[in-house]
Amino acid sequence: MMTSVPAPSDSPVSDLLLDPSPDASRPGRVARGDAGILIADDSPVARRFAAKLLRDHGYRVEVALDGFDALGMVFAVNPDLLLLDSGMPRLDGFQTCALVKRAPGFADLPVIILSDCGGLYARVRAHLVGARSCLSRPFTADELLNAVAGALCDV
């Protein structure tokens, strides 16, 4: 059963979703050096691994501690791609993806869900909330880089 957490209409989160900053328009295709990636993962080890790997390959990277922090940062950072851990506190990756996709100007933002519980259920759930793909842990550096490159090429 999929759970969703709608933001109450008087919350700061819903204010951001209903009235994003004017520069929240999505760019077209981006070159690797120009691509900005926002990573949200509650595991410091996973955040450091992904951030270092992507920076070493020429991407601009910002990190958030969980989905709620990512939701607040997405409007300020205006990333070209979101990498979201499926199992975070406050807002998990699926909930964060669904909320971001509903925000004006962010429906086409590519999202990759990083899932500890891989398999069909996680992939279907990721698809239902609008993610481009769902990468099951453990994954290799090459698998992450290929997923990121593929998602950015689809923009």
Side-chain angles (χ1 to χ4, degrees), residues 2-7 13-14 16-18 20-21 23-32 34-43 46-47 49-51 53-55 57-155:
M2 187 166 77
T3 59
S4 64
V5 179
V13 171
S14 68
L16 286 174
L17 292 175
L18 296 175
S21 61
D23 62 347
S25 61
R26 303 293 336 128
R29 286 181 189 242
V30 289
R32 178 182 295 177
D34 296 330
I37 300 172
L38 177 59
I39 300 169
D41 198 314
D42 60 322
S43 165
R47 277 195 315 267
F49 167 76
L53 176 68
L54 294 169
R55 284 183 183 125
H57 283 83
Y59 296 103
R60 291 179 293 109
V61 177
E62 298 288 336
V63 295
L65 301 179
D66 62 25
F68 194 78
D69 288 341
L71 194 59
M73 291 175 67
V74 76
F75 299 101
V77 173
N78 197 20
D80 299 299
L81 173 74
L82 289 179
L83 280 179
L84 302 173
D85 176 23
S86 65
M88 296 181 286
R90 299 199 293 174
L91 283 176
D92 68 28
F94 300 110
Q95 295 163 326
T96 304
C97 179
L99 288 169
V100 168
K101 292 292 191 165
R102 291 180 52 196
F106 288 91
D108 293 329
L109 177 65
V111 176
I112 298 172
I113 302 285
L114 306 175
S115 176
D116 289 327
C117 53
L120 182 60
Y121 176 74
R123 288 194 310 270
V124 168
R125 191 169 176 204
H127 174 74
L128 289 173
V129 297
R132 260 325 127 88
S133 63
C134 183
L135 196 57
S136 296
R137 289 188 174 120
F139 50 80
T140 66
D142 284 341
E143 288 172 326
L144 179 59
L145 290 169
N146 288 336
V148 166
L152 289 170
C153 285
D154 290 344
V155 175

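Owing to the predicted nature of the structure, the values given are computational and were not obtained by experimental measurement.
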Any idea which heavy atoms bring V111 and L81 closest together, and the distance? N-CD1, 4.2 Å
Euclidean distance, R123 CZ relative to S136 OG, rounded to 0.5 Å: 6.5 Å
If I take atom CD1 from residue I39 and atom OH from residue Y59, how far apart are they, to the nearest 0.5 angstrom? 11.5 Å
Keeping to residues at least two apart or across chains, list the salt bridge (Lys or Arg N to Asp or Glu O under 4.0 Å) pairs with something in residues 63-75. D66-R90, D69-R90
Non-hydrogen atoms of D80 and A35 that approach each other most closely: OD2-CA, 3.3 Å
Can you list everything that forms a side-chain contact (heavy atoms from CB on, under 4.5 Å) with S43? Sequence neighbours excluded, please. D41, V45, A46
Can you give me the closest heavy-atom contact between T96 and A70, atom names plus distance? CG2-CB, 4.4 Å
For the residue pair N78 and F106, establish whether any side-chain heavy-atom pair is separated by less than 4.5 Å. yes
N/O donor-acceptor pair under 3.5 Å between D85 side chain and A40 backbone: no
In chain order, what residues pass the side chain to side chain donor-acceptor pair (under 3.5 Å) check against N146, with sequence neighbours excluded? none
Out of curiosity, E62 CD to I37 CD1, how far, rounded to the nearest 0.5 Å? 11.0 Å
Give, for atom SG of C97 and atom CG of L91, the distance between the pair rounded to the nearest 0.5 Å. 12.0 Å
If you take all heavy atoms of A51 and V63, which pair is closest and at what distance? CB-CG1, 4.1 Å
Within-4.5 Å side-chain heavy-atom neighbours: V74 and P79: yes
F49 vs F139 aromatic rings, parallel, tilted or perpendicular, using cut-offs 30° and 60°? tilted
What closest approach, in Å, do M73 and A64 show between heavy atoms, and which atom pair accounts for it? SD-CB, 3.7 Å
Run the salt bridge (charged side-chain N to carboxylate O under 4.0 Å, His left out) test against R55 and tell me which residues pass, sequence neighbours left out. none
Side-chain contact test, heavy atoms from C-beta onward, threshold under 4.5 Å: evaluate it for M88 versus L65 and give yes or no. no
Tell me, please, which residues at least two apart from D42 pass salt bridge (charged side-chain N to carboxylate O under 4.0 Å, His left out). none
Qualifying residues under side-chain contact (heavy atoms from CB on, under 4.5 Å), relative to S86, sequence neighbours excluded: F94, I113, S115
Considering all heavy atoms, the nearest H57-L53 contact: ND1-O, 2.9 Å
